[in-house]
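Just so it is clear, the model here is predicted, and its values are computed rather than measured. The chain is numbered in sequence order, starting from 1.
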Amino acid sequence: SVPTRGACDEGAAWVEQAILESSPIMEAFGNAKTVYNNNSSRFGKFVQLNICQKGNIQGGRIVDYLLEKNRVVRQNPGERNYHIFYALLAGIEGEEKEAFYLFQPENYHYLNQSECATDRTINDGHRKSTR
């Protein structure tokens, strides 16, 4: 069925904003440092948008899939695992970090294999949320 004008206008801005705001989150889960660049996309994304007659986004869905599943368990020299792991460890502190038994990236086999757990050109803490 075709939505009415009122239904098209209601929530269109909210849906558009939600779709736009999901991109950095998906990048953290799917991008990694490679020898070629610090923010290389290692995933694929299929975006389906539902657009009303006025041309506004009315709804949609995003399907993400990892192209390099092996990156989770092994990295080449000079490369890092997916950004999300480093951001998680950089974004949690103190008692909360202790409660979840979290440590520095160098303590995890899946993050330290390439001896590149930290990189001065990447700010893992910039993904911290404000509470």
Side-chain angles (χ1 to χ4, degrees):
S1 68
V2 176
T4 64
R5 265 183 196 236
C8 180
D9 292 338
E10 289 176 24
W14 180 87
V15 171
E16 288 178 24
Q17 191 63 33
I19 291 170
L20 292 173
E21 288 177 0
S22 73
S23 188
I25 295 167
M26 297 319 304
E27 285 185 14
F29 277 96
N31 289 12
K33 177 186 187 289
T34 67
V35 293
Y36 300 109
N37 71 59
N38 287 350
N39 202 33
S40 184
S41 177
R42 315 316 305 163
F43 70 106
K45 183 187 293 189
F46 172 76
V47 180
Q48 178 182 6
L49 299 175
N50 300 327
I51 300 174
C52 71
Q53 290 178 335
K54 289 179 62 178
N56 294 330
I57 297 173
Q58 186 176 16
R61 68 183 183 128
I62 300 173
V63 178
D64 295 288
Y65 48 93
L66 289 177
L67 297 177
E68 290 189 25
K69 294 176 184 172
N70 63 325
R71 177 169 297 280
V72 174
V73 296
R74 182 183 173 280
Q75 296 83 50
N76 293 320
E79 296 187 340
R80 296 196 333 163
N81 210 315
Y82 292 102
H83 293 317
I84 191 65
F85 298 121
Y86 305 96
L88 171 69
L89 297 173
I92 190 170
E93 297 174 354
E95 291 178 16
E96 198 172 30
K97 195 170 195 171
E98 289 176 20
F100 291 108
Y101 300 99
L102 295 175
F103 308 100
Q104 297 302 315
E106 294 83 5
N107 292 77
Y108 298 96
H109 176 71
Y110 291 137
L111 303 181
N112 71 14
Q113 296 171 56
S114 67
E115 298 179 8
C116 189
T118 58
D119 185 313
R120 293 182 312 165
T121 65
I122 299 174
N123 181 0
D124 295 316
H126 86 280
R127 292 180 175 86
K128 288 183 185 179
S129 65
T130 55
R131 293 185 198 184

Response to the item:
Nearest heavy-atom contact between C116 and G78 is SG-O, 3.9 Å
Worksheet item: Does a side-chain N-to-carboxylate-O contact under 4.0 Å join R80 and D124?
Response: yes
Fill in: More than 12 heavy atoms from other groups under 6.0 Å of CD on Q48
yes
Worksheet item: Which atom names give the shortest non-hydrogen contact between N39 and N37, and what distance separates them?
Response: N-OD1, 2.9 Å
Worksheet item: Between atom CG of L89 and atom CG of L102, what is the distance when rounded to the nearest 0.5 Å?
Response: 6.0 Å
Worksheet, complete the sentence: Closest non-hydrogen contact found for F85 with L111 is CB-CD2, 3.7 Å
Item to complete: Report yes if the side chains of Y86 and T118 come closer than 4.5 Å at any heavy-atom pair, otherwise no.
Response: no
Discussion item. Go through it in stages, so that I can follow the logic: the residues are E115 and Q75, the test is side-chain contact (heavy atoms from CB on, under 4.5 Å), and I'd like the CA-CA distance, side-chain angles, deciding distance and then a yes or no.
Written reply: CA-CA 10 Å; E115 298 179 8; Q75 296 83 50; over 6 Å; no
Worksheet entry | Least distance between heavy atoms, F100 atom then I92 atom | CD1-CD1, 3.8 Å
Worksheet item: Roughly how far, to the nearest 0.5 Å, is the NZ atom of K33 from the OG atom of S114?
Response: 7.5 Å
Worksheet item: From I51 CD1 over to Q58 CD, what is the distance, rounded to the nearest 0.5 angstrom?
Response: 10.0 Å
Worksheet item: So if you build clusters from Ile, Leu, Val, Met, Phe, Trp, Tyr with side-chain heavy-atom gaps below 4.5 Å, do I84 and F103 land together?
Response: yes
Worksheet item: Does the side chain of Q104 reach to within under 4.5 Å of the side chain of K97, using non-hydrogen atoms?
Response: yes
Worksheet item: So how far is it from N38 CG to I122 CD1, rounded to the nearest 0.5 Å?
Response: 4.0 Å
Worksheet item: Mind checking whether R61 and F46 have side chains closer than 4.5 Å, heavy atoms only?
Response: yes
